[in-house]
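In what follows, a single structure is set out as C-alpha cells and then discussed.
The residues of the chain are indexed from 1 along the displayed sequence. When reading the values below, keep in mind they use all heavy atoms of this one structure, side chains included, and skip hydrogens, waters and symmetry mates. Remember, it's 1-based here, ligands and their atoms both numbered in the order they're listed.
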Amino acid sequence: MTEIPAALYENDPTYQMAVKQLREAAKLLGLPDEIVEVLRHPEKLVQVKIPIRRDNGKIEVYLGWRSQHNSALGPYKGGIRYREDVTPGEVVALSMWMTWKNSLAGIPYGGGKGGIRVNPKQLSQRELEELSRKYFAAIAKDIGPDVDIPAPDVYTNPQTMAWYYDEYAKIIGKPSYAWGVVTAKPVEIGGLYARVVSTGYGTALAAREAAKRWIGGIEGKTVAIQGFGNVGQYAAKYLKEWGAIVVAVSDRSGAIYDPNGIDVEEAMRVKAETRKVTNYKKGDVKIISNEELLELPVDILIPAATENVITKANADRIKAKVISEGANGPTTPEAEEILHKKGVMIVPDILANAGGVTMSWIEWCNNRMGGWLTDEEALERLDRIMTRNFNRVFDEWQKKYSEYPMRAAAYAIAVDRVVRAMKLRGWI
Ligand code: GLU
C-alpha cells in the first residue's frame with residue numbers, strides 16, 4: 001500500500017486515542033490493517049473561515065471544521081461544538097466516535113462532527129448569531145437533510161440550531177425540507193421536547209437495564225451523579241421516578257450528598273434559579289467535592305460532566321457496581337481495566353449517551369413526515385430502542401468478550417456493522 005502523507009489531524013492525542021480504540025476493535029474482529037487504514041481517515045474534512053464584525057466595529061476571523069467520517073450506513077450525523085481549544089484532530093476523532101455510536105444505536109446514519117475554535121462566552125448574542133449563520137452558510141454545500149445533519153454539542157443549543165435552520169432555509173428556499181438539516185431544534189420550529197430530556201433519559205435507561213442484569217434491578221438502588229447539566233438532571237429525574245435513590249449530584253460549585261436521598265425537583269429548581277446546585281438546603285445534606293462524589297458507597301455511578309474523571313488514581317476507591325457513562329470518555333483505559341477486574345460493569349459512552357442522537361433520528365423522521373409524533377410516543381420509542389440495544393450488547397459481551405470490559409463488545413458490534421455495510425456497497 002502507498003503511504004499517504006500525514007494529515008493535519010494525525011498528531012492530535014484525542015485522534016490517536018480514537019485510532020487506538022479502532023485498532024483494538026479490529027484485532028477482536030480479526031480485521032486486517034488495510035481496513036483500519038481506510039477507517040482511520042474521515043471521508044471529508046472541511047475547513048472554513050468565519051470573519052465576523054464584533055460589536056466594537058472590528059473584524060475578527062475564526063476557524064471552523066466539519067469532519068465527515070463515514071457514510072456507509074447513511075448521511076453523516078453529529079453535533080457542532082464551540083470551544084476555544086477545538087482542533088481539527090479532536091473534531092475528526094469525535095466524528096469517528098459518532099460513526100460507532102450511530103452504528104451501535106442501529107440508526108441509519110454515518111458519523112460526523114463539527115467545531116468552531118471560539119470562546120462563546122466572550123461573544124454577545126448578536127455576535128454568536130453572526131458567527132453561527134456564517135459558519136453554516138460556509139458549510140451549506142457540504143450538508144443537507146440527506147447528506148449531513150448537524151446537532152448541538154458543547155456550548156451549542158436549540159437557539160444555535162434555529163439560526164442554522166433559518167440560514168439553510170434561506171439558502172435553499174424550501175423551509176419544510178430544511179427542517180431535516182439539523183436536529184434538537186426548538187419545538188416551535190420542528191423540534192421535539194423529548195429531545196431536551198433524551199440524553200439524560202437514555203443514560204438513565206442504560207443504568208436501569210444494567211441494574212437489572214447486574215445488581216438485581218433499579219428499585220431502591222443508590223445513585224451518585226457527577227454533573228448536573230442537561231444530562232445529569234434528566235438522568236436523576238428518571239432514575240428517581242423508577243424507584244432509585246439519588247443520594248448525590250454535583251456541578252462545578254461542588255457536590256451535595258444526602259444518604260437518605262436528594263429531592264431532585266428541588267435541586268433542579270435551585271440549579272435553575274441560582275446556577276449552583278450547592279445552594280440546595282433540604283434534609284441532612286452535606287457539601288462534598290466532585291472527587292469525593294465518585295468514591296461514595298453507592299450502587300450506581302453516573303459520570304455526566306466531562307472526560308477523564310475516573311483514572312488509575314481513583315479507580316481502586318470506586319465502590320459502585322454499575323457505571324453508566326453520560327459524558328464522553330469519562331473513564332481512562334487503565335481505570336477501566338482495574339474496575340473490570342473488580343467486577344464493575346461500565347456501560348460505555350457510545351451506548352449510554354446515545355439517547356441524544358437516537359432522539360435526533362426520531363425528530364428527523366418526524367420532520368420528514370410533516371410532524372405527527374407526540375413526545376410520549378417519541379420517549380416510548382427511545383425506551384424500546386435503548387433497552388433492545390443495551391441487552392444486545394450485554395448478551396454479546398457475555399457470550400464472546402467477557403474477559404474484556406463491556407466497551408470492547410460495543411466497539412466490536414459497531415465497527416463490524418460499518419465494515420459489513422462497506423463490503424456490501426463494494427467500497428472495500
Ligand atoms: N452531540 C451529541 C452526541 O455527541 C448529539 C448528536 C446528534 O444528535 O446528532 O451524541
Query raised in the report: Does Pro150 come within less than 4.0 angstrom of ligand 1, counting non-hydrogen atoms of the residue?
Result: no
> Met98: heavy atom below 4.0 Å from ligand 1, yes or no?
Replying inline: yes
What residue and heavy atom of the protein are closest to [atom], and at what distance?
{"atom": "atom 5 (C) of ligand 1", "answer": "Arg195 NH2, 3.6 Å"}
{"atom": "atom 6 (C) of ligand 1", "answer": "Gly79 N, 3.8 Å"}
{"atom": "atom 8 (O) of ligand 1", "answer": "Ser360 OG, 2.6 Å"}
{"atom": "atom 3 (C) of ligand 1", "answer": "Lys101 NZ, 3.5 Å"}
{"atom": "atom 9 (O) of ligand 1", "answer": "Lys77 NZ, 2.7 Å"}
{"atom": "atom 4 (O) of ligand 1", "answer": "Lys113 NZ, 3.0 Å"}

In terms of heavy-atom contacts, Val347 and Met406 come closest through CA-SD, 4.1 Å
[X] bridged to [Y] by N-O distance under 4.0 Å:
{"X": "Asp166", "Y": "Lys185", "answer": "no"}
{"X": "Asp142", "Y": "Arg66", "answer": "no"}
{"X": "Arg269", "Y": "Glu265", "answer": "no"}
{"X": "Asp148", "Y": "Lys77", "answer": "no"}

Could you label the plane-to-plane angle of the Tyr164 and Tyr135 rings as parallel, tilted or perpendicular, counting under 30° as parallel and over 60° as perpendicular? tilted
Can you say whether the rings of Trp242 and Tyr238 are parallel (under 30°), tilted (30 to 60°) or perpendicular (over 60°)? tilted
Short version for Glu363: what comes under 4.0 Å of ligand 1, heavy atoms counted, is neither
Original post:
Does an N or O anywhere in Asn353 fall below 3.5 Å from an N or O of ligand 1?
Top reply: no
From the list His41, Gln16, Glu90, side-chain contact (heavy atoms from CB on, under 4.5 Å) partner of Tyr9 resolves to His41
In ligand 1, the atoms that come under 4.0 Å of a heavy atom of Gly78 are 9 (O)
Closest heavy-atom approach to atom 7 (C) of ligand 1 among Ala184, Ala151, Gly111 is made by Ala151
